[in-house]
Amino acid sequence: MGSTSAENNGTGVGRRDLIRRSAALGLISVPTMSFLSACASGGGGDEDKPEAGEKSAKNPLAVNDTAQMEFVLFDGGFGKEYAEDAVKIYEKNFPDATVKFSATQKIQSTLQPRFNQGSPPDLIDNSGAEQMDMGVLVGKDQLADLTPLLDAPSYDDPDKKVRDTLRPGIVEMGQFDGQPVWIMYYAYTVYGVWYSQKALESLDEEYPETWDQMLAVCEKAKKQGMAGWTYAGKYPYYLPFSLYPMIGKVGGVEVLDAIDNLEPNAWKHPAVKACFEAYYELYKKGYVLKGTPGLDHIQSQTAWAEGKALFIPNGSWVENESANVIPSDFNLAVSAPTGLDSSDKLPFGTIWASGGEPFIVPAKAKNPAGGMEQLRVMLSEASSKNFTSKVKSLTAYNGGTDGITLTPGLKSGVAALDLAGDNVVNPRLQDWYVQLQKEQIGVGGLGEMMAGRLTPAEAIKKIQTFADNAAKDDSIKHYKHQ
């Protein structure tokens with residue numbers, strides 16, 4: 001699903017100035033260990049790459065105009081039409097070139113053999129449940145530096161570099177160590193608590209700002225035959241979309257930074273304990289939809305859209321992904337997470353938002369210039385507007401909404417970001433340490449706690465052990481906020 005503070009240009013990524021606007025994304029990811037070792041191998045070489053084309057104002061990346069360009073897209077919540085439209089523009093600009101385009105939900109299993117052989121595609125949308133581990137790709141030198149793309153003239157204005165057309169934080173999110181930019185996050189996502197404004201108003205309630213108010217709203221919903229919450233029980237790493245920013249609100253951004261940095265005892269911070277206990281209370285009081293631990297993301301979203309549950313933690317892709325089940329009068333809305341009380345470090349409105357839908361150009365791609373040029377096309381105003389119109393999400397392009405009627409969820413996401421102001425957080429576990437975040441913290445810790453099989457104290461102890469093991473694992477590349 002690719003993710004605030006300011007990141008910086010030094011080692012790792014900071015958090016203070018990062019993002020302030022927008023919404024979107026596409027699913028998440030669980031890598032397999034076979035890929036991690038496979039990345040280190042591979043053949044291929046410069047001899048397989050086509051000669052550079054002639055550099056010009058219309059071809060600033062010197063794309064070979066007769067070379068094949070291969071593009072593999074994740075076929076998820078955003079569909080593939082927006083990418084197919086962008087491919088048509090590439091084909092129009094390079095009529096003698098061949099574009100091989102494909103879309104799959106099996107990114108890792110489809111592309112692992114290609115990486116092994118040293119013949120990966122030229123552009124990959126590395127997203128979905130089989131997303132390749134980004135930290136591993138960077139650590140194994142498997143990705144091309146996208147700086148040439150960022151420094152190229154933008155598609156619409158030759159006097160503006162591509163980097164100058166992007167939303168705040170996008171460039172920094174693609175950095176792991178130092179200046180190189182390894183990832184272009186194309187979408188922009190608001191994570192939070194999603195709900196039907198109509199359903200909330202039917203309870204004569206407003207979105208709760210404190211946890212006592214949250215419990216009262218859930219109790220009222222329960223009396224009306226509606227669960228307070230549901231979530232993707234089979235993929236409980238969706239829970240952090242609202243839980244992590246709540247931890248940041250309660251304890252401050254430094255708590256999230258310590259967690260990302262794999263610092264000793266970071267998970268034992270009082271803010272973590274308080275937020276875990278708050279969520280566990282939802283389970284203990286029977287406010288979670290019965291059967292939720294057995295639901296996948298589509299099933300939980302469908303139950304929520306059908307009015308069986310009031311709240312669901314999710315990302316802004318949910319509006320498009322659930323479009324076929326959300327009623328026309330649902331009045332989709334998103335809010336920043338509910339806090340504990342007035343003692344929280346940050347104000348209500350503190351939210352998680354970041355770049356999503358990570359696009360990469362493999363280091364051993366045969367036509368990396370072609371892959372970057374396709375991204376340059378996608379980062380034009382026209383392609384950005386096309387994406388927003390078709391998938392109800394914003395892109396990394398800073399603009400592209402003029403003349404577009406914003407959908408309820410998108411409008412609510414933008415309003416949530418306006419309310420947040422500078423209080424936007426961006427936890428990095430999901431792109432720094434995919435296995436830790438998804439399989440261990442998500443499934444092994446939070447999933448077990450919300451199913452009632454672990455107490456909050458037991459879940460925290462287990463997760464801290466996972467984090468400590470990751471910190472000690474020399475086979476893992478480690479990253480830190482600066």
Side-chain angles (χ1 to χ4, degrees), residues 1-3 22-29 73-82 103 105 125 127-129 131 187-202 207 221 226-242 288-337 351-353 356-357 387-395 404-416:
M1 311 166 267
S3 105
S22 1
L25 180 95
L27 282 77
I28 320 194
S29 53
L73 183 84
F74 169 67
D75 191 2
F78 294 145
K80 58 185 179 180
E81 190 175 354
Y82 77 93
Q105 294 190 0
D125 173 16
S127 193
Q131 179 193 60
Y188 215 68
T189 304
V190 170
Y191 302 95
V193 180
W194 293 79
Y195 60 97
S196 162
Q197 184 64 41
K198 178 185 176 183
L200 195 58
E201 289 174 354
S202 73
Y207 185 85
M226 175 187 289
W229 283 66
T230 189
Y231 58 91
K234 288 186 177 179
Y235 311 119
Y237 42 79
Y238 277 54
L239 286 164
F241 296 157
S242 57
V288 177
L289 179 66
K290 187 176 180 180
T292 286
L295 302 180
D296 64 21
H297 60 294
I298 298 297
Q299 292 168 326
S300 61
Q301 289 165 193
T302 299
W304 160 76
E306 291 173 346
K308 295 177 181 176
L310 185 57
F311 301 120
I312 190 169
N314 221 309
S316 44
W317 64 84
V318 70
E319 183 169 24
N320 192 59
E321 191 170 62
S322 300
N324 62 331
V325 292
I326 292 178
S328 58
D329 61 348
F330 194 75
N331 200 359
L332 179 64
V334 62
S335 175
I351 202 165
W352 179 1
E357 213 63 22
F387 179 90
T388 300
S389 297
K390 288 184 173 175
V391 309
K392 307 177 182 69
S393 292
L394 300 180
T395 73
I404 297 177
T405 301
L406 298 182
T407 55
L410 187 52
K411 186 184 297 184
S412 179
V414 172

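All residue numbers refer to positions in the sequence shown, counting from 1.
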Next on the checklist: Run the side-chain contact (heavy atoms from CB on, under 4.5 Å) test on Y231 and S300 for me, step by step, so that the C-alpha distance in whole Å, both residues' side-chain angles and the decisive distance to 0.1 Å come before the verdict.
Outcome noted: CA-CA 6 Å; Y231 58 91; S300 61; 5.8 Å; no

Item to check | Exceeds 12 heavy-atom contacts within 6.0 angstrom, atom NZ of K390 | outcome: yes

Checklist entry - Is it true that a side-chain atom of S393 and a backbone atom of T388 form a donor plus acceptor pair closer than 3.5 Å? => result no

Checklist entry - Which pairs, with at least one residue in residues 298-307 and sequence neighbours excluded, count as a salt bridge (Lys or Arg N to Asp or Glu O under 4.0 Å)? => result E306-K308

Checklist entry - When you measure from the side chain of S412 to the backbone N and O of G409, does any donor-acceptor pair fall under 3.5 Å? => result no

Checklist entry - With K411, which residues qualify under side chain to side chain contact (heavy atoms under 4.5 Å, CB included), at least two apart? => result L406

Item to check | Spacing of L73 atom CG and Q105 atom CD [to the nearest 0.5 Å] | outcome: 11.0 Å

Checklist entry - For G77, does its backbone N or O pair with a side-chain atom of W317 as donor and acceptor, under 3.5 Å? => result no

Next on the checklist: Walk me through whether Y82 and F387 qualify under ring pair (Phe, Tyr, Trp, His ring centres under 6.0 Å).
Outcome noted: CA-CA 5 Å; Y82 77 93; F387 179 90; 4.8 Å; yes

Next on the checklist: Test side-chain contact (heavy atoms from CB on, under 4.5 Å) on S242 and W229; report intermediate values, then the result.
Outcome noted: CA-CA 12 Å; S242 57; W229 283 66; 4.0 Å; yes

Checklist entry - Do any N or O atoms from the side chain of D296 and from the backbone of K234 form a donor-acceptor pair under 3.5 angstrom? => result no

Item to check | Stepwise side-chain contact (heavy atoms from CB on, under 4.5 Å) test for Q301 and I312 | outcome: CA-CA 8 Å; Q301 289 165 193; I312 190 169; 3.9 Å; yes

Checklist entry - With under 30° as parallel and over 60° as perpendicular, where do the rings of W352 and Y191 fit, or are they tilted in between? => result tilted

Checklist entry - Given I404 and L410, is the side-chain contact (heavy atoms from CB on, under 4.5 Å) satisfied, shown in steps? => result CA-CA 11 Å; I404 297 177; L410 187 52; 6.0 Å; no

Checklist entry - How close do V193 and P337 get, heavy atom to heavy atom, and via which atoms? => result CG2-CA, 4.3 Å

Checklist entry - Do L200 and F311 come within less than 4.5 Å of each other through their side chains, counting heavy atoms only? => result yes

Item to check | S127 (side chain) donor-acceptor with E357 (main chain) under 3.5 angstrom | outcome: no

Checklist entry - Centroid-to-centroid, W304 to F330, below 6.0 Å? => result yes

Item to check | Salt bridge present between E319 and K392 (N-O < 4.0 angstrom) | outcome: no

